[in-house]
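Presented below is the structure to which this report refers.
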Amino acid sequence: QVRLVESGGGLVQAGDSLRLSCIASGQTSRVGAMGWFRQAPGKEREFVSAINWSGGSTQYADSVKGRFTISRDNVKKMYYLRMSSLNVEDTAVYYCAARLSIWESIEAGQYDFWGQGTQVIVSS
């Protein structure tokens, strides 16, 4: 089993930046690609960004492209989402997810392990 724990969320103002972190523990050798998803109040969980095992391939939702950057440190088993130019529409609970495949996916159903989420609130 793989355990994922997110951190770094909080209350920020529009235009601010924030970096989310996710640390993996347990059977981390099974961790392949990683993804970040978010769920705003009253909305379905949506894809934010994903990165393959090596870090050489990334994908972003159109709504965050150019503002968010995903990265990973396989030695430290740490995964990051750097968010800049935040706006109120970015308010959500952010989840990191891991899949056994080395290739990233935008589909939540393709991920095998999930964290509990970290809340991000952006005020205007």
Side-chain angles (χ1 to χ4, degrees):
Q1 191 72 341
V2 175
R3 182 169 181 249
L4 302 173
V5 178
E6 303 95 335
S7 62
L11 173 62
V12 296
Q13 292 187 328
D16 284 352
S17 297
L18 207 57
R19 189 182 76 163
L20 304 183
S21 299
C22 174
I23 185 167
S25 61
Q27 296 179 310
T28 57
S29 61
R30 304 179 70 190
V31 172
M34 297 292 298
W36 287 93
F37 293 78
R38 67 186 182 186
Q39 187 166 17
K43 295 186 177 182
E44 294 186 354
R45 190 172 299 189
E46 65 173 1
F47 168 75
V48 176
S49 182
I51 187 168
N52 73 341
W53 181 86
S54 69
S57 178
T58 59
Q59 296 190 51
Y60 297 92
D62 288 342
S63 59
V64 307
K65 202 170 293 183
R67 300 188 299 121
F68 290 14
T69 303
I70 192 171
S71 61
R72 63 189 294 160
D73 184 331
N74 287 342
V75 174
K76 296 181 178 178
K77 312 300 182 187
M78 293 289 297
Y79 315 95
Y80 306 99
L81 184 68
R82 175 71 177 177
M83 307 184 294
S84 61
S85 302
L86 286 162
N87 57 61
V88 295
E89 289 74 30
D90 295 317
T91 294
V93 177
Y94 284 71
Y95 300 89
C96 72
R99 60 184 311 225
L100 301 176
S101 169
I102 63 172
W103 298 111
E104 76 276 19
S105 172
I106 67 171
E107 300 293 337
Q110 296 291 321
Y111 287 82
D112 303 286
F113 309 103
W114 290 83
Q116 293 300 307
T118 185
Q119 176 76 59
V120 173
I121 300 174
V122 184
S123 64
S124 59

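Just so it is clear, the model here is predicted, and its values are computed rather than measured.
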dist Asp73:CG -> Met78:CE (nearest 0.5 Å) comes out at 8.0 Å
- Cluster check Trp36, Trp103: I/L/V/M/F/W/Y, side chain < 4.5 angstrom: no
Practice task
Apply side chain to side chain contact (heavy atoms under 4.5 Å, CB included) to the pair Leu20 and Glu6, showing each step before the final yes or no.
Solution key: CA-CA 7 Å; Leu20 304 183; Glu6 303 95 335; over 6 Å; no
Only pairs under 3.5 Å count here: list side-chain donor-acceptor contacts from residues 116-124, not counting sequence neighbours, and write none if there are none.
unit_1, atom_1, unit_2, atom_2, d
Thr118, OG1, Gly9, N, 3.1
Gln119, NE2, Ala92, O, 3.3
Ser123, OG, Val12, O, 3.3

Does Leu86 form a side chain to side chain contact (heavy atoms under 4.5 Å, CB included) with Phe68? I'd like the steps, not just the answer.
CA-CA 9 Å; Leu86 286 162; Phe68 290 14; 3.9 Å; yes
Side chains of residues 50-59: which donor-acceptor pairs under 3.5 Å do they make with residues two or more places apart or in other chains?
unit_1, atom_1, unit_2, atom_2, d
Asn52, OD1, Gly55, N, 2.9
Asn52, OD1, Gly56, N, 2.9
Asn52, OD1, Ser57, N, 3.0
Asn52, ND2, Ser54, OG, 3.4
Ser54, OG, Gly56, N, 3.2
Ser57, OG, Glu104, OE2, 2.5
Gln59, NE2, Glu104, OE2, 3.4

Item checked: Plane angle bin for Phe37 and Tyr111 - parallel if under 30°, tilted between 30 and 60°, otherwise perpendicular -> perpendicular
CD (Gln110) and CG (Leu100) are apart, to the nearest 0.5 Å, by 11.0 Å
Next on the checklist: Count I, L, V, M, F, W, Y as connected when their side-chain heavy atoms are under 4.5 Å apart, and connections chain through other members. Are Trp114 and Val93 then in the same cluster?
Outcome noted: yes
Across all chains, not counting sequence neighbours, the salt bridge (charged side-chain N to carboxylate O under 4.0 Å, His left out) partners of Lys65 are Asp62
Nearest heavy-atom approach of Thr69 to Tyr60 is CA-OH, 3.4 Å
In terms of heavy-atom contacts, Thr91 and Pro41 come closest through O-CD, 4.4 Å
Can you give each donor-acceptor pair under 3.5 Å made by side-chain atoms of residues 22-35, sequence neighbours left out, with the distance rounded to 0.1 Å?
unit_1, atom_1, unit_2, atom_2, d
Gln27, OE1, Gln1, N, 2.2
Gln27, OE1, Arg30, NH1, 3.1

Here the side chain to side chain donor-acceptor pair (under 3.5 Å) pairs for residues 74-85, sequence neighbours left out, are Arg72-Asn74
On a heavy-atom basis, the closest approach of Ser105 and Phe47 is O-CE1, 3.9 Å
Query - Exceeds 12 heavy-atom contacts within 6.0 angstrom, atom CZ of Arg3 - result: no
Contacts satisfying salt bridge (Lys or Arg N to Asp or Glu O under 4.0 Å) that involve residues 84-98 (not counting sequence neighbours) are Arg38-Asp90, Arg67-Asp90
CD of Glu44 to CD of Gln39, rounded to nearest 0.5 Å, is 8.0 Å
